[in-house]
Each structure stands twice: as C-alpha cells, then as structure tokens.
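Each ligand, and each atom within it, is numbered from 1 in the order the structure gives.
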Amino acid sequence: MEMELWYTEKQTPNVGITCKVKETLWRCQTDYQELAVLDTFQFGRILLLDGMVQATAADEFVYHEMIVHVPMCTHPAPKTVVVVGGGDGGTVREICKYPSVEKVILVEIDAQVVEAARKFFPEIACSLDDPRVEICYADGIEYIRSLDSFCDLIIVDSTEPVGPAIGLFDTPFYQSVFKALKEDGILVAQTESPFFNAELIRNVFSRVKSVFPSSYFYLASVPTYPSGLWSFTMGSKKYDPQKPEGTFIPQNTRYYWPGIHKSSLILPRFVQELLE
Ligand code: SAM
C-alpha cells in the first residue's frame with residue numbers, strides 16, 4: 001500500500017484543515033518564523049508560516065484581488081501605495097495592474113518569504129520586479145511611523161496577530177497609518193474570520209473607527225483560511241467604498257468585479273452586530 005502524507009493546520013484548538021500532500025518542497029527556520037512550502041493535491045502549492053496557511057495556488061486570487069481592488073477602485077487614481085507584509089507578492093501583483101500607480105513600496109520584515117515566493121510561486125511573485133516596485137526589508141510598524149502625508153493607500157497584508165505582526169492590529173499603528181496617508185488616503189487591513197476571530201474584529205474595527213473619519217468592513221470567501229469567510233477593515237479619510245470613484249477597473253481578475261465590490265460590503269446580521 002502506498003503511503004499517504006497529510007498536513008493539518010490547527011486553525012483553532014478544536015478545528016483543523018487537512019490536505020493530502022504530494023511533496024514537501026521547502027522547510028526552514030527564518031529569523032522570524034518557520035517557513036514551509038508544500039505541494040498538495042487539492043490546492044496546489046501552499047505557503048505556510050509557523051504552520052499557518054498564507055497563500056495557496058488555488059485560492060490566493062480571491063484574497064489578493066479583494067485586499068487590493070476594493071480600496072484601489074474606491075480611490076479615484078492612487079499613485080503611491082505602501083504594502084505592509086505581503087512578502088509573497090500577490091498584493092503587489094494586483095496593485096501593478098493600475099496605470100495610475102507610480103510607486104509601490106513593499107515593507108516586509110522577512111526577506112526569506114520573498115525569496116521563497118520568487119522560487120516556488122512565480123505566478124504570485126511575478127510583479128516584484130516591476131520598475132515601480134521597491135522592496136524594503138523592515139518592520140512595518142517602524143517604517144510607517146517614519147512617513148508623513150506620503151501615500152494614497154496603505155495595505156496591511158500581514159500574518160495573524162502573533163509575533164512581529166501583533167502591533168499591526170493596535171491603535172498606535174493606525175495612528176501612524178493616518179499620519180502616513182495623504183489627506184484623502186485609505187487604509188485596508190486583513191482582519192481574519194468573523195466566525196473564529198470575533199473579538200479581534202470588534203477591537204480592530206473600533207480602533208480604526210476611533211482614528212479615521214469613516215470605517216468600513218467587507219468580506220470574501222477564501223476556502224483555505226479559517227472558516228472560509230475572510231474579512232477586511234477599511235479606514236478612509238474621504239472616499240466611500242460604497243460610491244467607488246476609480247476610473248480604471250481591472251478586467252483580468254477572477255473574483256473581483258464592480259458587482260462583487262458592492263456586495264462584499266453588504267454584511268450578514270451577525271457581522272453587523274459584531275461591529276456595533
Ligand atoms: N495573505 C496572508 C494571510 O492573511 O495569511 C498574509 C501573507 S504575507 C506572507 C504576511 C507577511 O507579513 C509575512 O511574510 C510576514 O513576514 C509579514 N509580517 C509580519 N509582521 C510584519 C511586520 N511587523 N512588518 C512587516 N512585515 C510583517
């Protein structure tokens with residue numbers, strides 16, 4: 001009988017997602033986290049950090065399109081964008097689709113995530129060499145603190161709030177983000193699952209709300225993330241995602257389109273209650 005290899009991510013102490021593995025392609029301890037790349041039958045290649053799924057070949061498009069196009073199409077013509085985290089390059093790939101974009105700064109703490117993405121996920125990392133992109137290996141918290149009225153959009157494409165990412169979910173960070181943004185700037189952050197991370201979402205939403213004049217929340221379906229229902233929190237100084245002002249709408253997408261933009265902001269009752 002042929003031996004089967006299975007990988008489980010324990011998403012909570014009581015729930016896991018398990019995939020049948022073809023091959024372990026890479027495994028190492030970086031200065032910040034344990035990094036692994038698996039090839040699986042169901043989802044293709046998977047990037048894991050500290051045992052948690054960051055991206056899979058099969059469903060990364062949902063997350064990356066939604067963290068980028070909702071804010072990008074809300075703003076009339078974003079030129080300068082800063083991404084905090086996002087070392088796999090998927091967020092940068094989606095930002096680079098916009099002709100208005102002049103500069104993208106990727107602030108990733110762990111260079112080895114970028115190296116692994118370039119080697120094992122060329123279809124995700126494909127825009128990291130775009131001439132508009134600058135990669136800065138630094139802690140996003142310190143980097144953002146150093147900026148003043150600098151950019152149109154800040155996207156926090158971070159790991160779960162553990163280790164170096166903890167501060168990315170706190171009020172002082174959102175205050176620095178506010179200062180780093182231009183007078184009509186937008187913040188978007190990935191904020192985990194409303195089913196499994198209700199308290200985190202409640203806290204983050206009220207922190208963003210206390211710093212920005214307007215805050216919004218939207219959802220997308222990502223099968224390999226805990227519970228499959230993923231959330232994004234937006235803080236905006238001027239523009240309203242419900243009345244997007246973008247003149248450029250990316251056509252080469254698989255999840256995002258203007259109808260999804262609108263529907264992602266319409267929330268189930270239990271999520272509305274979470275945010276109240
Ligand atoms: N899409 C993913 C998700 O929701 O699971 C996030 C992917 S991306 C690989 C997350 C990146 O954030 C990691 O590569 C990690 O090294 C980086 N990161 C964590 N804390 C950071 C910080 N304080 N500054 C910059 N990057 C950070």
Note every protein N or O atom lying under 3.5 Å from an N or O atom of ligand 1, pairing the names and giving the distance.
| residue | atom | partner | partner atom | Å |
| --- | --- | --- | --- | --- |
| ligand 1 | 1 (N) | Gln54 | O | 3.3 |
| ligand 1 | 1 (N) | Tyr63 | OH | 3.4 |
| ligand 1 | 1 (N) | Asp157 | OD1 | 3.4 |
| ligand 1 | 1 (N) | Tyr225 | OH | 2.9 |
| ligand 1 | 5 (O) | Gln54 | OE1 | 3.2 |
| ligand 1 | 14 (O) | Glu108 | OE1 | 2.8 |
| ligand 1 | 14 (O) | Glu108 | OE2 | 3.2 |
| ligand 1 | 16 (O) | Gln33 | NE2 | 2.9 |
| ligand 1 | 16 (O) | Glu108 | OE2 | 2.5 |
| ligand 1 | 23 (N) | Asp139 | OD1 | 3.0 |
| ligand 1 | 23 (N) | Pro164 | O | 2.9 |
| ligand 1 | 24 (N) | Gly140 | N | 2.8 |
| ligand 1 | 26 (N) | Ile109 | N | 3.2 |

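- Taking the six-membered ring where the residue is Trp, Phe232 and Tyr218 present parallel rings, their angle staying beneath 30° rather than reaching 60°.
- A tilted orientation is assigned to the rings of Trp230 and Tyr225, their planes being inclined by 30° to 60°.
- Using a 4.0 Å cut-off between charged side-chain N and carboxylate O, Asp129 and Arg118 make a salt bridge.
- Classification of Arg93 and Glu65 as a salt-bridged pair fails, no side-chain N sitting under 4.0 Å from a carboxylate O.
- In the hydrophobic clustering, where aliphatic and aromatic side chains (Ile, Leu, Val, Met, Phe, Trp, Tyr) are joined below 4.5 Å either directly or transitively, Val113 groups with Leu25, Trp26, Leu35, Val37, Leu47, Leu49, Phe120, Phe121, Ile124.
- Using bins of under 30°, 30° to 60° and over 60° for the plane-to-plane angle, the ring pair His261/Tyr256 lands in the perpendicular bin.
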